[in-house]
Amino acid sequence: MWNGGAVNGILEIVNRLGPQRLVAMGAVTLALIGFFAFVMTKMSAPGMGVLFSDLPMADSNTIIRDLDSRGVKYELKQDGATILVPRDMSTRLRMEFAGKGLPAGGNVGYEIFDKSDTFSATSFVQGVNQLRALEGELSRTIKGLDRVQQARVHLAIPEKKLFDREKQNPRASIVLKVRGELDAGQIRAIRHLVATAVQGLKPEHVSIVDETGRLLADGAGNETDAAALAQDKQSGHERRLRGQVEDIVASVVGRGRARVQVSADIDFNRVQQVTDNFDPESRVVRSTQTRTENQQSQEAKDNQVSVASELPQQNQNQQNAQQKDATQRNEEIVNYEISKTTRTEIIEAGRIKRLSVAVLVDGIYAAGANGQMAYQPRTAEELERIATLVRSSIGFDRNRGDQVEVINLRFAEGVTPVEGKTPTFIEQMLALTKEDALRLIELAVFGILTLLVMLLIVRPLLRQMGIGGKDKKGDPAAPPPLTGLQGVIAASGMAGGNAPGQPLALPAPDGAMVPANSNQQGSANAIQSALQQGAIDHLGKIVQDNPSESVAIVRQWVAQTR
């Protein structure tokens, strides 16, 4: 059932606002509806995650066409080098593209042989394709390492000649685009990775340059690389021992309450020793050889030649007179095998000759009687226990000359360790990922925009429509304040004794009170009547009694007349 009073109130509000205000209010209302719809859509939309980044144009084009065929929503950044997709679909899409060999990284790998005709290709073309494929596969592998954005590999493999006696070693050159800096260990790992993938290539013949033209590794194969490698090994060993000592000491004195320095004296000489030991007491018969020889001979007593000896009778007698000799000889050879022990000992480079460890620990902080934190040094027994733990963690060897010193001194910063410290809000914010931080920033921006729209647009609009609810005392909201001379006249009426809610009474020239109508015509007549001399005197008195309110009313009137 329609309520006539409510309808009349609505019509009165519409008449009072006028067509221009209604159009403006409708436009603002539509704008607000669109704004809140955009905010709700943006808030409810799934978050976008990075599918691939640092893509070449060819790979980006291929991936975008595939996403279009699938109907997957995506966004492009950095001129197409970065592709964003819904975060819940990024992992599955990345796996599917990996199965298709995407992104290829702009380099051709072994798939070049899938598209070429091996029967019609010459040996030169096959060799060039093999070199291109090897360079492309190495580039992809290096690009998969951390801190490496792009990689380009050039291989110089000499051609094998039939009658060439001088053998030339292959060489490699690598250009890297990195995020941040590469340490010596990572550079050495890249060199060994390429060297082991190419037959005959040595790590010292691999040169590496970054995108700024800075030489990271020299491929000349000089002795400076060996010295740098030894220095890196020593630094790495000292860093590893320092980390072990800091972990075990921090578990006793607290995190940040100990400082550790390790100095390692390492011998990088490679020693090879060969020792042969013979044992004369340990003999074994290897072979035996026996030889027996028998010999018989006849000799005459007189070997002189004469006429008598040549006679037949005489010759026979001499033969009978000859002497017979017999000789027998036995020879035995025995070969013995003497026990022999050969020992080859190779001592590799990197032997620790001596270790020196210095540990500085802070004292104990306890609350004193006045509530301040008081410093207490650690006992000698506690320091000895810490030293024992340090010796065990580094492999202490007294015969080698190792030395461990644990000293207790008060730290200069004097920060009291907090047990079980919970991460602060700043630490939690720093622990957020990049995507989470961007999401929070986006939500904060939308929240601020919504608050500004509510305060600057919605609230004044509701006040002009007369929808303000109730004030603190429970009374209905007052109508919008009168402006210009109307406010001054209203103040004059209230000063003249009009009760709240009654029609405004204006002073006439003869001193009688004339009630003012609520419409614009009545207000104009009231203004004309109020401009009489008596009203001006009365208003002047009000202005003198209320200077601040009068100035505010005049300023508002001046602002509206502009």
Side-chain angles (χ1 to χ4, degrees), residues 17 20-57 59-61 63-68 70-97 103 146-147 149-150 177-180 421-472 477 480 559:
L17 293 176
Q20 295 181 352
R21 291 187 178 182
L22 289 177
V23 172
M25 291 172 58
V28 172
T29 304
L30 292 177
L32 291 176
I33 293 175
F35 173 76
F36 285 112
F38 170 76
V39 171
M40 294 178 63
T41 304
K42 195 68 176 178
M43 298 287 291
S44 60
M48 304 297 287
V50 178
L51 179 62
F52 295 111
S53 60
D54 299 326
L55 289 175
M57 285 299 176
D59 292 342
S60 180
N61 184 25
I63 294 174
I64 288 174
R65 285 187 298 176
D66 194 293
L67 293 176
D68 288 335
R70 296 167 179 259
V72 178
K73 183 181 178 182
Y74 62 88
E75 295 179 3
L76 298 179
K77 291 185 177 180
Q78 299 179 356
D79 297 333
T82 302
I83 301 178
L84 303 178
V85 295
R87 190 176 291 109
D88 55 350
M89 301 176 62
S90 60
T91 303
R92 181 174 58 85
L93 290 175
R94 196 177 294 117
M95 295 174 63
E96 293 179 359
F97 282 119
D146 190 17
R147 294 186 181 181
Q149 293 183 353
Q150 295 291 339
K177 182 179 180 182
V178 297
R179 306 181 186 93
K421 180 181 178 181
T422 57
T424 61
F425 177 75
I426 298 178
E427 294 176 350
Q428 293 178 359
M429 293 298 295
L430 294 177
L432 296 177
T433 61
K434 182 179 180 180
E435 296 179 355
D436 295 337
L438 293 177
R439 185 66 175 174
L440 290 177
I441 293 174
E442 185 179 2
L443 293 177
V445 170
F446 284 142
I448 294 173
L449 289 177
T450 305
L451 182 61
L452 292 176
V453 169
M454 295 293 294
L455 293 178
L456 301 179
I457 300 178
V458 178
R459 185 179 178 184
L461 184 62
L462 293 178
R463 284 184 175 180
Q464 286 219 349
M465 293 178 63
I467 308 175
K470 296 183 178 181
D471 56 6
K472 295 181 180 180

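When reading the values below, keep in mind they use all heavy atoms of this one structure, side chains included, and skip hydrogens, waters and symmetry mates.
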Where is the tightest heavy-atom contact between V72 and P86, given as atom of each residue plus distance? CG1-CD, 4.4 Å
From T82 atom OG1 to L76 atom CG, the distance as rounded to the nearest 0.5 Å: 9.0 Å
With sequence neighbours excluded, tell me which residues meet salt bridge (Lys or Arg N to Asp or Glu O under 4.0 Å) with R147. none
Matching residue for Y74 among L84, D68, L93 - test: side chain to side chain contact (heavy atoms under 4.5 Å, CB included): D68
Tell me every residue that passes salt bridge (Lys or Arg N to Asp or Glu O under 4.0 Å) with R92, counting only those two or more places apart in sequence or in another chain. E96
My understanding is that only residues two or more places apart in sequence, or in another chain, count here; which of them pass side-chain hydrogen bond (donor to acceptor under 3.5 Å, both in side chains) with D66? R70, K100
What's the verdict on side-chain contact (heavy atoms from CB on, under 4.5 Å) for F97 and L67, showing C-alpha distance, side-chain angles and the deciding distance? CA-CA 10 Å; F97 282 119; L67 293 176; 4.0 Å; yes
Shortest non-hydrogen contact from L51 to R94? O-NE, 3.2 Å
How many angstroms lie between atom OG of S60 and atom CZ of R65, to the nearest 0.5 angstrom? 10.5 Å
Criterion side-chain contact (heavy atoms from CB on, under 4.5 Å) on M95 and T91, from CA distance to verdict: CA-CA 6 Å; M95 295 174 63; T91 303; 4.3 Å; yes
